[in-house]
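Quick caveat, the model's predicted, so the values are computed rather than measured. Numbered from 1 within each chain, the chains take letters A, B, ... in sequence-line order. These values consider heavy atoms only, across backbone and side chains, with no hydrogens, waters or symmetry-generated copies.
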Amino acid sequence: MINPVPRVRFAPSPTGYLHVGGLRTALYNYLFAKNNNGKFILRIEDTDRNRYVEGAVENLIKTLKWVGLNYDEGPDNGGEYGPYYQSQRLDIYKAHAKILLEQGNAYRCFCTPERLTLLREEQQKVKLQGKYDKHCLHLTHEEVEQKLSEKILFVVRLNVPSEKIISFDDVIREHVEFASETVDDQVLIKSDGYPTYHLANVVDDHLMKITHVIRGEEWLSSTPKHVLLYDYFGWVRPVFAHLPLLLNADKSKLSKRQGDVAVEDYRDKGFLKEALINFVALLGWNAGDDREYYKLNELEKYFSLDRVNKSGAVFNVEKLSWLNFEHLRQKPVEEVLVLLKDELNKSKFSGKTYKDEYLIQVIASMRERVSFVKEYIEKSPYFFEEPDEYDPDVVKKRWKEDSPILLKTLAGSFSLLNENASKEEFEQALHKTAEESNSAVGKLIHPLRLAVSGMGVGPGVYDLLVILGRDEVIRRINTAIEKINI
RNA sequence: GGCGCGUUCGUCUAGUGGCUUAGGACGCCGCCCUCUCAAGGCGGAGAUCACGGGUUCAAAUCCCGUACGCGCUACCA
């Protein structure tokens with residue numbers, strides 16, 4: 001086999017949502033495939049019946065599609081190495097377990113859960129490593145047949161040799177070694193006939209011609225078991241790459257208890273898929289330069305496994321937010337427009353309609369002031385309804401005794417402008433009013449902003465005027481004069 | 001407890017023996033710009049490169065030890 005097409009896989013167990021750590025693993029697999037003209041496969045590791053969650057797979061696929069990590073083969077789009085659900089491959093695992101059984105590289109274990117618990121407790125008491133004692137390995141052929149005919153439940157265990165060094169190479173960790181004494185006789189087939197991850201993953205990876213196993217570091221400790229299986233079957237081992245973990249602020253493995261871990265949570269909070277991808281890509285990888293802003297297609301170009309870090313990375317939402325800001329700023333207006341309309345439909349303004357042309361102006365004026373689409377509404381509600389209150393602090397600071405009369409004059413001079421007066425025309429009118437009333441422009445600008453928006457912050461005041469339009473501006477000025485009392 | 005992996009500013013990281021008085025980014029602080037807020041520009045605080053030994057003319061970079069952290073230790077993945 002010379003230069004086979006690289007084939008990698010993302011193999012999540014369907015727990016109900018896509019974990020951000022899973023997203024990172026999926027992304028690195030995807031990027032590796034793209035970068036090497038390889039194939040990216042999605043395989044569902046649903047061999048634990050106790051953990052079955054209704055709709056989990058559908059949700060997982062939906063989320064993966066949302067972020068744009070399209071796979072070449074998978075449960076819903078087929079491929080020549082299916083099925084891609086492990087629960088549909090039970091016969092394959094059984095057949096392979098049988099081979100191991102015949103070789104003597106696996107054996108049936110009839111021990112009861114009670115005995116195993118007892119064993120573990122005893123080992124713990126003497127501070128010994130918790131490990132199966134190979135009790136059932138020494139059963140005679142007759143004893144096994146006897147128990148089989150009695151229909152006693154059994155599992156199939158991996159027969160780990162003694163006094164061997166099990167070693168393998170890892171792209172990220174380099175050479176790793178384990179003494180076989182420290183490796184447990186792992187259960188390969190459970191008593192319900194389902195395989196464990198260890199067997200299923202090795203069999204499938206081989207059958208699906210996976211060339212590179214890129215997965216989280218939590219699997220490093222069980223890799224010797226997998227390596228043993230490859231060797232027992234006489235199969236070529238894939239290249240292993242164990243990714244550093246994503247961490248909570250306290251450096252423990254990223255978990256639900258300490259904040260959001262589901263990609264869906266971040267999506268619902270308004271994070272863009274572009275930002276999420278960019279952020280997660282940088283958690284454990286960089287191109288060796290100072291670049292931090294990437295689009296997915298650029299990551300595809302630059303990503304390489306050998307630039308992946310060894311140590312875990314804390315998931316820092318503040319930096320994610322900054323990237324969200326950056327990506328939102330780069331997004332074409334038409335796309336932001338669609339997102340903004342969605343957001344409006346979810347807001348209290350859902351009953352109202354706004355012209356695209358109007359919303360585009362709003363977007364342009366607020367671009368540099370928002371990190372999230374919903375902030376267009378939160379930070380500048382005055383574009384969607386007239387202010388119903390005026391920020392008291394700003395009133396205190398900017399609304400002077402002469403403000404009503406000045407604004408009245410200003411409204412008068414605005415009324416002489418065109419209905420679609422330009423920024424310059426508004427500016428000229430304001431300056432002229434200031435001059436004629438012998439007042440500084442600031443004495444007009446600040447109360448004007450307050451009157452028109454109810455706030456003290458926002459886009460340039462003339463932008464505000466143009467977007468709202470002459471008539472609306474005049475109306476708001478009059479309302480403010482009535483409502484603001486000092 | 002055992003085994004494995006890791007350890008550079010608060011966080012993400014650059015660094016692969018001399019270019020390093022350890023660089024960038026987020027966040028924080030200040031100044032400039034300015035009608036406000038942002039954006040932008042400039043600057044600042046912030047890392048005795050976990051610690052201790054070696055190797056070397058020279059170490060964040062190589063080796064050994066220690067400490068600490070994390071992961072695994074299920075008929076879960």
Is B:rC72 paired to anything, Watson-Crick or G-U wobble with both distances less than 3.5 Å, and if yes, which nucleotide?
-> B:rG2

Distance between P atoms of B:rA50 and B:rU73 (Å, rounded) | 29 Å

To the nearest Å, give me how far apart CG (A:Leu465) and C1' (B:rU36) are.
-> 13 Å

Expressed as a whole number of Å, how far does the C1' atom of B:rC51 sit from that of B:rU7?
-> 11 Å

Scan A:Gly216 against the nucleic acid and name what it touches under 4.0 Å (heavy atoms): base, sugar-phosphate only, or nothing.
-> nothing

Taking only residues two or more places apart in sequence or in another chain, which ones pass side-chain hydrogen bond (donor to acceptor under 3.5 Å, both in side chains) with A:Lys273?
-> none

A:Arg398 near the nucleic acid: base, sugar-phosphate alone, or nothing, with a heavy-atom cut-off under 4.0 Å?
-> sugar-phosphate

A:Asp463 atom CG is separated from B:rU34 atom C1', nearest whole Å, by 14 Å

Establish, for the pair A:Arg291 and A:Tyr294, whether the NZ or CZ atom is under 6.0 angstrom from the six-membered ring centre and no further than 45 degrees off its axis.
-> yes

Given side-chain hydrogen bond (donor to acceptor under 3.5 Å, both in side chains), test A:Ser365 with A:Asp463 step by step and report yes or no.
-> CA-CA 7 Å; A:Ser365 73; A:Asp463 290 312; over 6 Å; no

From CD1 of A:Ile363 across to C1' of B:rA38 the rounded distance in Å is 17 Å

Separation of A:Leu245 atom CG from B:rG4 atom P, in whole Å?
-> 18 Å

Do the numbers put A:Arg89 on top of the ring of A:Tyr85, so that NZ or CZ is under 6.0 Å from the six-membered ring centre and no more than 45° off the axis?
-> no

Euclidean distance, atom CG of residue A:Asp391 to atom P of B:rU36 [Å, nearest integer] | 16 Å

For the pair A:His198 and A:Trp219, name the ring-plane relationship: parallel under 30°, tilted 30 to 60°, perpendicular over 60°.
-> perpendicular

For atom CG of A:Leu450 and atom P of B:rC37, their distance in whole Å | 15 Å

Please check if the side chain of A:Ser413 supplies one atom and the backbone of A:Leu410 the other of a donor-acceptor pair under 3.5 Å.
-> yes

Is a donor-acceptor contact shorter than 3.5 angstrom present between the side chain of A:Arg173 and the base of B:rC5?
-> no

Determine whether the side chains of A:Gln258 and A:Asp250 contain a donor N or O and an acceptor N or O closer than 3.5 Å.
-> yes

Does the side chain of A:Asn278 come under 3.5 Å of the side chain of A:Lys295 through a donor N or O and an acceptor N or O?
-> no

Check the distance between B:rU36's P and A:Lys443's NZ and give it to me in whole angstrom.
-> 16 Å

Within the side chain of A:Glu177, is there an N or O that forms a donor-acceptor pair under 3.5 Å with the backbone of A:Ile165?
-> no

Pairs under 3.5 angstrom, nitrogen or oxygen only, protein versus nucleotides 26-31 of chain B, please.
none

Give me, pair by pair, the N or O atoms of the protein and of nucleotides 74-77 of chain B that are less than 3.5 Å apart, along with how far apart they are.
{"unit_1": "B:rC75", "atom_1": "O2", "unit_2": "A:Ser191", "atom_2": "N", "d": "2.7"}
{"unit_1": "B:rC75", "atom_1": "O2", "unit_2": "A:Ser191", "atom_2": "OG", "d": "2.6"}
{"unit_1": "B:rC75", "atom_1": "N3", "unit_2": "A:Ser191", "atom_2": "OG", "d": "3.0"}
{"unit_1": "B:rC76", "atom_1": "OP2", "unit_2": "A:Lys190", "atom_2": "NZ", "d": "3.1"}
{"unit_1": "B:rC76", "atom_1": "O2'", "unit_2": "A:Asp48", "atom_2": "OD2", "d": "2.7"}
{"unit_1": "B:rC76", "atom_1": "O2'", "unit_2": "A:Arg51", "atom_2": "NE", "d": "3.4"}
{"unit_1": "B:rC76", "atom_1": "O2'", "unit_2": "A:Arg51", "atom_2": "NH2", "d": "3.4"}
{"unit_1": "B:rC76", "atom_1": "O2", "unit_2": "A:Arg51", "atom_2": "NH2", "d": "2.1"}
{"unit_1": "B:rA77", "atom_1": "OP1", "unit_2": "A:Thr47", "atom_2": "OG1", "d": "2.7"}
{"unit_1": "B:rA77", "atom_1": "OP1", "unit_2": "A:Lys190", "atom_2": "NZ", "d": "2.9"}
{"unit_1": "B:rA77", "atom_1": "OP2", "unit_2": "A:Tyr197", "atom_2": "N", "d": "3.1"}
{"unit_1": "B:rA77", "atom_1": "O3'", "unit_2": "A:Glu45", "atom_2": "OE1", "d": "3.4"}
{"unit_1": "B:rA77", "atom_1": "O2'", "unit_2": "A:Ser13", "atom_2": "OG", "d": "3.0"}

Counting any heavy atom closer than 4.0 Å, what does A:Ser221 reach on the DNA or RNA strands: base, sugar-phosphate only, or nothing?
-> base

Answer with base, sugar-phosphate or nothing: what part of the nucleic acid does A:Val176 contact at a heavy-atom distance below 4.0 Å?
-> sugar-phosphate

What does A:Tyr293 touch in the nucleic acid at a heavy-atom separation under 4.0 angstrom: a base, only the sugar-phosphate, or nothing?
-> nothing

Span that lies between the P atom of B:rU13 and that of B:rG6, in whole angstrom = 15 Å

If the C1' atom of B:rU16 is compared with that of B:rU8, how far apart are they to the nearest Å?
-> 14 Å

Quantified in whole Å, what is the P atom distance between nucleotide B:rC49 and nucleotide B:rG23?
-> 13 Å

Answer with base, sugar-phosphate or nothing: what part of the nucleic acid does A:Glu177 contact at a heavy-atom distance below 4.0 Å?
-> sugar-phosphate

Paired with B:rC9 by Watson-Crick or G-U wobble geometry, both distances under 3.5 Å: which nucleotide is it?
-> none

Tested for ring pair (Phe, Tyr, Trp, His ring centres under 6.0 Å) against A:His226, the lone hit among A:Tyr197, A:Tyr232, A:Phe240 is A:Tyr197

Check whether NZ of the Lys or CZ of the Arg A:Lys374 lies under 6.0 Å from the centre of the six-membered ring of A:Phe372 and within 45 degrees of that ring's axis.
-> yes

Those residues that, when tested against A:Gln124, pass side chain to side chain contact (heavy atoms under 4.5 Å, CB included) (two or more places apart) | none

With C1' as the reference atom in both, quote the distance from B:rG40 to B:rA77 in angstrom, rounded to an integer.
-> 48 Å

By the Watson-Crick or G-U definition, both distances under 3.5 Å, B:rG52 is matched with B:rC64

Expressed in whole Å, how much space separates the C1' atoms belonging to B:rC9 and B:rA22?
-> 10 Å

Inter-nucleotide P distance (B:rG65, B:rC5), Å rounded = 12 Å

Partner of B:rA22 under the Watson-Crick or G-U wobble criteria, both distances under 3.5 Å, comes out as none

Under 4.0 Å between any heavy atoms, over every strand shown, what does A:Gly458 touch: base, sugar-phosphate, or nothing? Just pick one.
-> base

Candidates B:rC12, B:rC37, B:rG40 - which lies nearest the side chain of A:Val314 = B:rC12

Please collect all side-chain hydrogen bond (donor to acceptor under 3.5 Å, both in side chains) contacts where either partner lies in residues 186-196 of chain A, sequence neighbours excluded, each pair once.
-> A:Arg49-A:Asp192

How would you label the contact of A:Phe279 with the nucleic acid (heavy atoms, under 4.0 Å): base, sugar-phosphate, or nothing?
-> nothing

How many angstroms lie between atom NZ of A:Lys147 and atom CZ of A:Phe154, to the nearest 0.5 angstrom?
-> 12.5 Å

Which base, if any, makes a Watson-Crick or G-U wobble pair with B:rC37, both distances under 3.5 Å?
-> none

Between CD of A:Glu368 and C1' of B:rC33 the distance, given in whole Å, is 14 Å

For B:rA47, what is the paired nucleotide under Watson-Crick or G-U wobble rules, both distances under 3.5 Å?
-> none

Check: A:Asp185 side chain, A:Arg157 main-chain N or O, donor-acceptor pair, under 3.5 Å | no

Which protein N or O atoms sit under 3.5 Å from an N or O of nucleotides 14-18 of chain B?
{"unit_1": "B:rA14", "atom_1": "OP1", "unit_2": "A:Asn286", "atom_2": "ND2", "d": "2.4"}
{"unit_1": "B:rA14", "atom_1": "OP1", "unit_2": "A:Asn309", "atom_2": "ND2", "d": "3.4"}
{"unit_1": "B:rG15", "atom_1": "OP1", "unit_2": "A:Arg307", "atom_2": "NH1", "d": "3.1"}
{"unit_1": "B:rG15", "atom_1": "OP1", "unit_2": "A:Arg307", "atom_2": "NH2", "d": "3.0"}
{"unit_1": "B:rG15", "atom_1": "OP2", "unit_2": "A:Arg307", "atom_2": "NH2", "d": "3.4"}

Look at A:Lys397 and B:rU36 and indicate whether a side-chain polar atom (N or O) is within less than 4.0 Å of OP1 or OP2.
-> no

